[in-house]
Enquirer: 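Before anything else, here's the structure in question.
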Number of protein chains: 6
Amino acid sequence: MEEKIRHHESSSRFSGMATFLNAPLVRDPILLDIALIGVPFDGGVENRPGQRHAPREIRNMSSLLRPIHHVTGVNPYDLCRVGDMGDIPFPHALDLEASHSDITKFVSEVHNACVVPLCVGGDHSISLPALRAIAHDRSVGMVLVDAHTDTLDEELGSRFSHGTPFRRAVEEELLDPARTVMIGIRGPRSSTEGFTFALESGIRVISMEEFTEMGVQSVIAETRRVVGASRRRR
Amino acid sequence: MEEKIRHHESSSRFSGMATFLNAPLVRDPILLDIALIGVPFDGGVENRPGQRHAPREIRNMSSLLRPIHHVTGVNPYDLCRVGDMGDIPFPHALDLEASHSDITKFVSEVHNACVVPLCVGGDHSISLPALRAIAHDRSVGMVLVDAHTDTLDEELGSRFSHGTPFRRAVEEELLDPARTVMIGIRGPRSSTEGFTFALESGIRVISMEEFTEMGVQSVIAETRRVVGASRRRR
Amino acid sequence: MEEKIRHHESSSRFSGMATFLNAPLVRDPILLDIALIGVPFDGGVENRPGQRHAPREIRNMSSLLRPIHHVTGVNPYDLCRVGDMGDIPFPHALDLEASHSDITKFVSEVHNACVVPLCVGGDHSISLPALRAIAHDRSVGMVLVDAHTDTLDEELGSRFSHGTPFRRAVEEELLDPARTVMIGIRGPRSSTEGFTFALESGIRVISMEEFTEMGVQSVIAETRRVVGASRRRR
Amino acid sequence: MEEKIRHHESSSRFSGMATFLNAPLVRDPILLDIALIGVPFDGGVENRPGQRHAPREIRNMSSLLRPIHHVTGVNPYDLCRVGDMGDIPFPHALDLEASHSDITKFVSEVHNACVVPLCVGGDHSISLPALRAIAHDRSVGMVLVDAHTDTLDEELGSRFSHGTPFRRAVEEELLDPARTVMIGIRGPRSSTEGFTFALESGIRVISMEEFTEMGVQSVIAETRRVVGASRRRR
Amino acid sequence: MEEKIRHHESSSRFSGMATFLNAPLVRDPILLDIALIGVPFDGGVENRPGQRHAPREIRNMSSLLRPIHHVTGVNPYDLCRVGDMGDIPFPHALDLEASHSDITKFVSEVHNACVVPLCVGGDHSISLPALRAIAHDRSVGMVLVDAHTDTLDEELGSRFSHGTPFRRAVEEELLDPARTVMIGIRGPRSSTEGFTFALESGIRVISMEEFTEMGVQSVIAETRRVVGASRRRR
Amino acid sequence: MEEKIRHHESSSRFSGMATFLNAPLVRDPILLDIALIGVPFDGGVENRPGQRHAPREIRNMSSLLRPIHHVTGVNPYDLCRVGDMGDIPFPHALDLEASHSDITKFVSEVHNACVVPLCVGGDHSISLPALRAIAHDRSVGMVLVDAHTDTLDEELGSRFSHGTPFRRAVEEELLDPARTVMIGIRGPRSSTEGFTFALESGIRVISMEEFTEMGVQSVIAETRRVVGASRRRR
């Protein structure tokens with residue numbers, strides 16, 4: 001079986017059905033080490049919607065990628081079994097919190113099968129239900145590369161919009177702020193409360209300005225220091 | 001005051017702040033006969049979202065329109081007071097039914113001031129809360145020009161999606177099916193239940209095929225016959 | 001098995017892997033009545049290439065189509081088994097005639113399984129190898145809706161470009177010109193030889209101008225008259 | 001010489017330098033019957049500029065056209081000598097009236113060589129200087145297919161904007177209104193004065209609404225009747 | 001009144017009429033510290049026009065910006081009164097020099113009210129009339145970040161095109177070359193006369209190549225040195 | 001004659017027929033030092049075709065470039081005679097190897113006239129026939145700036161696709177690997193054989209990662225060292 005779970009070497013990359021990274025379509029996570037999961041959902045976004053279409057478009061584009069790195073010569077598909085599990089269904093797509101539950105349920109099944117879930121597409125609100133799936137029994141660290149900290153308390157009358165997931169995750173003890181680093185923060189906000197929460201909770205925030213001063217190597221070292229920090233069990 | 005509620009004759013139409021049809025921005029409906037209302041909401045749409053941006057883009061484009069018709073010579077802005085009232089605010093934009101309530105509330109205020117509300121933008125689900133505002137005390141007729149009848153019972157787990165508003169409106173006795181005509185229906189569906197409801201409730205459905213056979217003049221005559229049918233109840 | 005070969009009723013049409021018309025992906029033609037076949041090839045085109053990408057893009061767009069016609073109420077997927085067989089592989093994609101052979105071979109297997117092949121995408125040169133697959137043992141009639149007759153003798157130094165397939169097909173006795181009708185011809189040419197061949201071989205050419213004069217119903221009647229003309233030979 | 005003034009039959013139409021309709025580039029009008037002249041000027045336009053780029057883009061697109069009509073079999077390049085004379089230079093491109101003079105001067109040279117000038121590109125204000133070149137000694141009739149009558153008295157503080165050329169042309173007795181027909185007029189205006197001038201001067205205005213009612217054949221007949229009306233003067 | 005001159009905190013930034021930076025629309029400069037002024041004019045541009053549409057599009061985009069900087073925590077709208085004064089009207093939009101006068105007149109009123117004018121949109125020729133408004137009584141220094149020095153003597157037959165404003169400004173003693181720095185110059189030219197004028201007049205020109213060598217901090221220091229230099233009164 | 005072979009100083013760069021860099025159209029190479037040659041061919045490309053349209057589009061864009069460098073003040077058109085020789089014709093455009101022969105033939109004529117040929121447009125496979133034209137009698141060095149080494153042995157069943165030219169060129173002793181440097185290599189591949197060939201043949205490959213570490217000046221120095229290395233005559 002494992003033989004079949006390999007990167008598909010199509011002579012023409014644009015040919016056939018697109019999958020994430022041209023990985024095989026595998027519905028059963030038990031056959032995989034890493035599961036690529038499409039999340040066609042944007043019910044938590046404030047401004048420009050359309051992330052519901054992201055999984056399909058990312059499949060289209062990423063299927064053109066070839067596997068072997070030009071410097072290391074490594075082919076990741078030789079190291080582990082990677083598959084595209086298709087998209088999470090959203091039978092209640094117009095209901096934000098019900099859809100978040102659907103994400104948690106799907107990702108939990110993958111996580112419980114000891115497979116690494118890798119969610120693709122969807123607005124940033126989906127990070128919270130994904131964390132609920134993988135961190136329900138112990139808080140995790142996180143490396144976030146983003147323009148915003150996404151630690152607002154409320155946005156558009158909701159505590160679950162795309163500007164709030166990491167505040168909820170800290171409150172729900174899914175995320176360990178002491179092992180969390182946010183890199184490249186550069187987006188202005190309408191209030192300071194999101195920044196304040198991130199800093200006061202102990203998250204290491206590296207703004208774009210600080211990133212430029214530190215340089216890539218120092219940021220990597222700092223990131224390793226933070227995420228490797230003490231791991232509190234609840 | 002009336003003098004000021006006129007079409008703005010800018011020498012360059014692309015200049016200045018865009019309003020619907022280049023009409024004056026008037027916050028108080030009492031000054032108007034017809035109120036143009038932006039509805040930047042797309043929380044009820046299934047496939048391509050983005051209608052939340054429609055009011056702004058329709059303002060941009062429609063502000064280029066000039067007022068005097070080339071055949072009739074009529075300037076509608078001489079006949080009545082038309083104004084752009086801005087956009088309905090959506091403090092709970094991620095909640096479909098709460099947002100529908102916000103629409104009903106805003107449009108009711110316009111309607112209660114004896115002003116004709118004209119909603120622009122938003123996905124088709126907004127028709128239901130608009131009808132709730134203007135037809136709460138007696139059912140109305142309707143002329144719909146659309147590809148679909150939008151009379152599904154449920155879609156994406158919701159009874160209030162953009163595929164359902166006219167079924168709800170009939171059920172809530174906002175819409176009088178005997179005085180309702182739907183013109184240009186041409187979109188296939190996943191089930192027949194929407195078509196069945198429209199026909200069984202007594203709505204006059206003119207498909208695109210029938211439209212082509214009848215011709216424009218006959219469709220107009222038929223439309224007048226249907227919407228003029230008297231019906232008193234409640 | 002038949003149960004599984006049905007139209008996939010996804011609540012969100014943009015979700016999951018795109019297939020032609022949202023039909024199931026079926027690799028074995030024996031399970032089908034109609035096989036949708038992607039032909040990602042444009043090695044025969046003169047001007048704008050890119051038809052190699054057409055199968056994928058047509059899958060994306062056509063997967064949004066819903067199955068039940070709004071007037072007839074017919075669901076074609078209830079009437080026969082339709083499936084997407086994926087794309088024809090092109091191991092010699094830079095060689096026009098070798099690729100034509102690959103098309104003939106793939107389509108022949110479908111045709112020999114008594115399944116109707118429906119080729120999607122690719123430049124117009126692919127019509128010749130498709131006809132070779134289905135008409136090798138007796139000539140067939142054809143209804144072509146196109147701007148050009150595609151009956152040049154040679155183009156760009158090749159007898160197999162996208163401007164030549166129906167001349168070759170008549171010469172190879174794949175196409176019976178007496179039962180062939182070409183509708184909507186409207187494209188100017190650099191020489192008259194293509195028009196001359198079509199007319200002299202007995203093909204019924206209905207130009208766009210004639211189409212407009214005749215009207216849709218008359219063109220349909222004429223088309224039936226032509227393609228229904230009996231002709232036994234070989 | 002005449003041999004050389006023919007349509008260039010390039011095997012690949014997108015190859016080489018683009019000219020209007022793929023006609024030869026001929027700087028001397030004496031070699032031509034019809035001169036195609038690029039007018040890269042948009043200094044008279046109100047809203048969307050960019051017509052200065054039109055000659056180049058129309059060369060690009062029109063060079064793809066092939067010469068022989070699919071029904072008549074006529075090749076116009078066999079009937080007369082057609083050439084692309086390049087673009088009119090605009091040494092004072094930021095000065096509307098000076099640029100109009102440059103157009104008149106260039107087109108006059110072509111006209112005086114007894115060659116038919118065909119101006120391509122530029123905003124609609126260029127019609128006036130072109131008419132000054134060809135009608136300075138006797139007024140001409142005109143068939144205009146346009147959305148507007150372009151008979152305003154003044155626009156943006158100028159009597160020579162793109163909304164005014166045919167009023168000026170009537171006033172300057174370049175255009176004979178009794179032999180002028182304007183077809184397809186459908187654009188609303190900020191005032192009625194343009195319509196009024198057109199009608200009162202005796203121009204035959206066929207609005208889009210009238211066009212639809214009359215049908216194509218009747219419009220052609222009416223057009224012939226109008227432009228054929230004899231009028232000798234001056 | 002001051003209370004009202006604040007940044008508008010709309011929950012959805014794309015909602016309502018767009019203004020520059022989402023600042024309030026304020027017609028009277030006396031209420032402001034900084035006036036944002038739209039200049040929908042491109043009558044001085046050589047190649048790609050369309051800057052007349054820039055104010056509207058910049059309003060659309062900039063209204064999405066949020067006010068509080070992610071590092072400094074500063075909200076500029078707490079520090080001073082900023083408003084959008086709408087667009088300068090151009091009653092003679094097709095006349096370059098008349099339009100320049102309209103700009104000077106509008107900006108002068110703002111400047112004379114001791115308000116800082118900030119012009120948005122329009123081609124680069126508008127810099128000259130803006131300088132005439134604010135520097136008519138004493139020359140000013142300038143920090144320019146641009147690809148070109150815009151110091152040609154004449155372009156397209158005009159001394160007021162978008163390639164000439166800073167030569168005119170030096171000649172009219174609006175600009176003090178000793179306190180002027182031009183940063184990032186990288187555009188080739190058809191002649192050397194523009195570069196020569198800039199250098200000979202004493203302007204400090206920092207090409208893109210020099211910028212890269214110096215680094216951001218040194219360029220800032222050099223810029224401060226130049227613009228802080230001696231201020232000659234006429 | 002030389003006087004005429006100069007950069008055309010059009011006042012409006014978008015005016016008239018576009019040529020590469022606005023250079024004069026010169027059909028005879030004997031008049032030139034550097035010949036710009038369009039290669040409208042993409043029959044060797046795997047994924048996105050369209051390079052056949054590149055010469056025309058590059059003419060459009062490059063004709064906007066002005067000649068005098070802003071720092072050096074050098075006008076290359078004063079130093080040598082540069083002309084646009086038009087496009088190579090492809091009478092067998094659907095045949096990859098025949099078209100390669102047509103390229104070699106055209107470029108040879110330029111090369112044999114002691115003129116430097118500069119090919120523009122076409123997919124990367126055209127490098128091989130160009131090298132055959134200029135290096136048939138002695139191998140040359142090369143500086144390649146690209147994402148890939150293009151040293152595959154075979155692709156899409158062909159030894160002459162756009163992924164193979166430099167392997168063929170080494171094998172045919174057109175290219176001297178000891179004097180060849182490939183800069184900026186960063187594209188992953190489906191196999192390691194292309195990288196292996198490049199390295200084993202002695203080509204100096206500077207990956208994007210190495211480029212970043214070395215810096216621009218060191219890469220230039222290294223490039224000079226490599227291409228200046230010993231020149232073996234066959």
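Note: hydrogens, waters and symmetry copies are ignored here, and every other heavy atom, side chains too, is used. First the proteins, then the strands, lettered A, B, ... as listed; each starts at 1.
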Enquirer: Once rounded to the nearest 0.5 Å, what's the spacing between atom CE of F:M17 and atom OG1 of D:T19?
Expert: 7.0 Å

Enquirer: Only counting residues at least two apart or in another chain, list the ones meeting side chain to side chain contact (heavy atoms under 4.5 Å, CB included) with D:N112.
Expert: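 Checked D:N112 against side chain to side chain contact (heavy atoms under 4.5 Å, CB included); matches are D:S108.
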
Enquirer: Go through F:P55, F:P89, F:G121, F:A18 and name the one with the most non-hydrogen pairs under 4.5 angstrom from chain D.
Expert: F:A18

Enquirer: Hey, are D:S15 and F:R52 close enough side-chain-wise for a donor-acceptor pair under 3.5 Å?
Expert: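 Absent: no donor and acceptor within the cut-off.
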
Enquirer: Below 4.5 Å, heavy-atom pairs only: which of F:P40, F:G86, F:G16 has the largest tally toward chain D?
Expert: F:G16

Enquirer: Quick one: pull up CZ in F:R13 and CZ in D:R56 and give me the separation to the nearest 0.5 Å.
Expert: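 It comes to 10.5 Å.
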
Enquirer: Tell me whether D:R186 at atom CZ has more than 12 heavy atoms from other residues, nucleotides or ligands lying less than 6.0 Å away.
Expert: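 More than 12 within 6.0 Å, yes.
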
Enquirer: Give, as side chain, backbone, both or neither, the part of D:D84 having an atom under 4.5 angstrom from any heavy atom of chain F.
Expert: side chain

Enquirer: Taking everything shown except F:I30 itself, do over 12 heavy atoms lie less than 6.0 Å from its CD1?
Expert: no

Enquirer: Within the structure provided, determine whether D:E57 and F:N60 are in side-chain contact (heavy-atom separation under 4.5 Å).
Expert: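 Yes; the side chains approach each other to less than 4.5 Å.
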
